[in-house]
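Okay, structure first, notes after.
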Amino acid sequence: MTNLLPNLLDFTLEEMEAFISSSGKEKYRARQIMKWLHQTGCASFDAMTTLSRDFRGKLSAIARIYRPAIVKIQKSQDGTQKALLRLEDGLFIESVLIPGKSHWTICLSTQAGCAMGCEFCLTARQGFKRNLTPAEIVGQLITLKHETPDGANINNIVMMGMGEPLANYESTIKSIQILTCDFGLGMSNRRITVSTCGLAPQIIQLGKDICINLAVSLNAPDDETRNQLMPVNKKYPLATLLTACKKYPMPGRRLLTFEYILIDGVNSSRADAEKLARLLKDQRCKLNLIVFNEYPGSPFKSPSAKDVEAFQQILLDRHFTTMLRKSKGGDILAACGQLSGAVGNGYAVCLWD
Ligand code: SF4
């Protein structure tokens with residue numbers, strides 16, 4: 001049974017200040033507690049030694065600290081690490097650590113399962129279980145940062161793991177506020193990317209509420225193909241989605257990213273590349289091409305290297321910044337659209353340099 005006391009990892013600084021004030025203590029204690037939780041990775045009140053013993057005792061009677069617990073970590077040959085994490089109610093989620101040249105990127109899950117039903121995605125197969133709380137989203141990072149040898153060097157966050165972040169809108173926004181708080185981890189908003197399958201109204205709202213990098217999982221050059229791959233397109237077709245993308249204010253002079261998983265015989269022909277270039281001609285964007293990761297029983301195939309090269313070249317010729325992203329962690333099913341939170345076999349997420 002889940003403990004019903006409030007979890008301090010769910011709180012933004014303002015919420016923590018209000019909570020601490022209501023307990024009769026000075027507001028500045030909230031900052032100390034945020035630092036203990038996020039910067040030191042404290043998992044118990046006893047370890048918060050700048051607080052008096054009395055106050056720690058009082059806190060433990062009115063609040064709790066809970067974050068996802070590591071069940072196992074699988075390591076890929078390319079250095080990618082996939083963590084299976086257990087939530088308080090016994091559900092499982094996955095987070096992925098992706099090595100870069102000098103730092104690590106963490107791919108966070110925002111839901112247990114997903115309701116969006118994208119055809120190429122393993123997470124979709126398990127259906128939707130529930131939204132994650134801010135503590136469960138932020139807690140993935142805190143746990144891996146403080147409990148794995150490589151976690152200390154995480155300085156990039158992508159919300160591309162299990163679930164659709166914008167379908168869990170409030171928790172996603174609150175998590176970003178906590179992650180960027182100076183008394184939390186103080187992450188830069190330029191180092192956090194939210195990825196969406198294309199919830200157009202929420203994209204517009206996100207642009208009004210917060211300044212953060214946005215990646216849109218596009219995967220098709222026309223509505224007919226996208227309707228087959230991504231049911232969300234029937235609700236928000238490409239014209240609606242791209243209008244929302246055009247209005248989205250990216251931080252600084254950054255470009256919105258369109259992700260495009262190349263699938264043999266579905267969306268990766270030369271004609272598809274030409275169509276895609278026409279579709280995106282008015283967008284300030286860059287393109288990440290990802291070759292589909294085949295997995296046991298997958299309904300789709302990867303295109304040949306020659307087809308991938310031709311696809312990319314057509315976009316480069318049309319002056320699109322186009323990167324061919326190596327999907328990492330394929331051998332541990334930690335690659336794009338492959339996270340399932342399965343205990344035992346374990347499938348995984350989206351990763352790039
Ligand atoms: S690709 Fe993303 S949005 Fe689509 S089903 Fe998978 S987790 Fe959900």
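Ligands are counted one by one from 1 in listed order, and the atoms in each one are counted from 1 as well.
- Side chains of Val266 and Thr225 form a contact here, defined as non-hydrogen atoms less than 4.5 Å apart.
- Between the side chains of Glu259 and Asn288, no donor-acceptor pair is found at a separation under 3.5 Å.
- Checking Cys118 against atom 4 (Fe) of ligand 1, an N/O/S atom falls under the 2.8 Å cut-off.
- With sequence neighbours excluded, no residue forms a side chain to side chain donor-acceptor pair (under 3.5 Å) with Asp10.
- Checking Cys114 against atom 8 (Fe) of ligand 1, an N/O/S atom falls under the 2.8 Å cut-off.
- Short contacts between ligand 1 and Met116, defined as distances under 4.0 Å to a heavy atom of the residue, involve ligand atoms 3 (S), 8 (Fe).
- Heavy-atom contacts of Gly163 reach the following atoms of ligand 1: 7 (S) (cutoff under 4.0 Å).
- Atom numbering of ligand 1 starts at 1 in the shown order; those under 4.0 Å from a heavy atom of Ala124 are 5 (S).
- Legend: residues meeting side chain to side chain donor-acceptor pair (under 3.5 Å) with Asp150, ordered by chain and number and at least two apart, are Gln81.
- Using cut-offs of 30° and 60° for the angle between ring planes, the Phe292 and Phe300 rings count as perpendicular.
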